[in-house]
There are 2 protein chains.
Amino acid sequence: MISKTCGYAIRGIVFLSLEQNKSTKHGILEIAEDLQIPQHFLGKILQDLVRRGIISSIKGPHGGFFVNSKTIDTPLIEVVEAIDGLGIFKKCFLGREECSSINPCPLHDEFDGCRSAIFKTFENLKISDLVKKIDIGDSYLSLNKEFATEI
Amino acid sequence: MISKTCGYAIRGIVFLSLEQNKSTKHGILEIAEDLQIPQHFLGKILQDLVRRGIISSIKGPHGGFFVNSKTIDTPLIEVVEAIDGLGIFKKCFLGREECSSINPCPLHDEFDGCRSAIFKTFENLKISDLVKKIDIGDSYLSLNKEFATEI
DNA sequence: TTTGATAAAGATATTAAGGTCTTTTATTCT
DNA sequence: AGAATAAAAGACCTTAATATCTTTATCAAA
């Protein structure tokens, strides 16, 4: 549904917003290692988010990425829009150029409800909602394969 | 969700299964032109489907692709499995290696229900169901951009 | 005011999806 | 048998997503 890149973006923002992280700056190396995401790739993604004002950054010694007043209230749809664009919610399931209720493919009606449910969820969920799930401890951000298969 | 390739596959099968098409063989050129799909690319896809027994083909003069006894009863999930594999229903929304209810990402619970609904729909829908929608006239397979924007 | 740290930016590489072109194989018709 | 036709197969091309590497700009501290 959403791209891998967009997932990385959300995880990056949530990492910075966690209770134990939100009062400090974090270098890209630290974030990337913790989340197991390629460093420079994540760097570019976070740069995009800084440009959008979703997070902030400072260069130089003791610089890094950090949350701002807007960060935790950012709805996920805003991140999705920034990275993937909203077009992903309009693509035809069968790969036709156009697909809508007035020009539907045979799968349009079947899945359109589901798709708008996903869209609404992205509209309603904020970064803070994901942070809660992690702080409470019933969800994970950064587990890698080794750890995951141990469970 | 499913790949463009997989959408092409479904559209190809449905085309062959339409009331007016199901009693004849159809060359790849005819199918591709009607559906506005690149000819040789669709050719390869249909070859896959023939190997799986979902449709049939004959070479040579008056040859072409055509439905067999199995075609119209094929559940869509079988096509999805053939082209994309079932892995697409297990990928983590945030791009982590592993994601499941015992090892969930912060979005897992939010979207898992939706995802299994999609899976079940693909299990329950058969080619014949899509054919009906088209034969009845409330759905389209092959509209191209020109026509679509006219509406 | 130089040095070191760090994000930003740019260039390049890799991979996978999607798409094209050419050759081969099977079949039919003359 | 030979020619024509059409799918099958294989090689290759293009584009977009993902990833890496290098250089530049900015800042802080010594």
Side-chain angles (χ1 to χ4, degrees), chain A residues 1-9 11-13 16 24-33 35-68 80 82-85 87-88 91-92 94-97, chain B residues 1-12 16 24-33 35-68 80 82-85 87-88 91-92 94-97:
Chain A
M1 180 77 238
I2 63 174
S3 70
K4 208 170 176 181
T5 304
C6 189
Y8 289 171
R11 286 165 65 197
I13 302 167
L16 293 175
T24 7
K25 301 193 201 74
H26 300 272
I28 189 60
L29 184 63
E30 175 199 355
I31 307 171
E33 277 183 349
L35 299 182
Q36 303 268 112
I37 297 173
Q39 180 193 158
H40 296 289
F41 188 45
L42 182 59
K44 288 189 180 308
I45 298 167
L46 295 189
Q47 281 162 34
D48 276 348
L49 300 173
V50 169
R51 262 180 242 115
R52 296 261 179 171
I54 296 174
I55 57 175
S56 299
S57 68
I58 290 185
K59 292 182 182 180
H62 311 119
F65 296 90
F66 56 99
V67 298
N68 59 36
V80 174
I83 306 292
D84 289 339
I88 59 168
K91 272 196 310 183
C92 174
L94 294 183
R96 299 187 321 149
E97 295 285 346
Chain B
M1 180 75 236
I2 63 173
S3 69
K4 209 170 176 182
T5 304
C6 189
Y8 288 171
I10 294 172
R11 285 166 65 198
L16 294 176
T24 7
K25 301 191 199 77
H26 298 272
I28 188 61
L29 184 62
E30 175 200 353
I31 307 171
E33 278 184 348
L35 299 181
Q36 303 270 111
I37 299 173
Q39 178 192 161
H40 296 289
F41 189 44
L42 181 59
K44 287 188 180 309
I45 298 169
L46 295 189
Q47 282 162 33
D48 276 350
L49 299 173
V50 168
R51 263 180 241 114
R52 297 260 180 174
I54 296 174
I55 57 174
S56 299
S57 68
I58 289 187
K59 291 183 182 178
H62 311 121
F65 295 91
F66 56 98
V67 298
N68 59 36
V80 174
I83 305 293
D84 289 340
I88 59 168
K91 274 196 308 184
C92 174
L94 295 183
R96 301 186 320 150
E97 295 284 346

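Labels below follow one simple rule: chain letters A, B, ... track the order of the sequence lines, proteins then strands, and each chain is numbered from 1.
Taking only side-chain nitrogens and oxygens, A/S57 never comes nearer than 4.0 Å to OP1 or OP2 of C/dT6. Taking 4.0 angstrom as the limit, A/H62 places none of its side-chain polar atoms (N or O) nearer than this to OP1 or OP2 of D/dC27.
Residue B/Y8 is in sugar-phosphate contact alone, with no base atom involved, counting any heavy-atom pair closer than 4.0 Å across all strands shown. When heavy atoms are screened at a 4.0 angstrom cut-off, B/I58 is found touching the sugar-phosphate backbone but no base atom.
Distances from the side chain of A/K4 to the nucleotides D/dA19, C/dT25, D/dA28 place D/dA19 closest. Nearest nucleotide to the side chain of A/F65, out of D/dA8, D/dA19, C/dA7: C/dA7. Of the candidate nucleotides D/dT20, D/dA29, D/dA6, D/dA6 has the atom lying nearest to any side-chain atom of B/K59. Proximity note for B/Q47 (side chain, C-beta onward) versus D/dA8, D/dA7, C/dG19: the nearest is D/dA8.
Scanning both residues, B/Q39 and B/A32, for their nearest heavy atoms gives CA-CB, 3.6 Å.
Nucleotides of DNA chain C nearest to A/R51 and A/P61 differ in position, and the one nearer the 5' end is that of A/P61.
Donor-acceptor pairing under 3.5 Å, judged by distance alone, is present between the side chain of B/K44 and the base of D/dG10.
For A/H26 and C/dA5, the NE2 to C1' distance is 17 Å, given to the nearest whole Å. D/dA6 atom C1' lies 12 Å from atom NE2 of B/H40, rounded to whole Å.
Under the side chain to side chain contact (heavy atoms under 4.5 Å, CB included) criterion, A/S57 pairs with A/V50, A/F65, not counting sequence neighbours.
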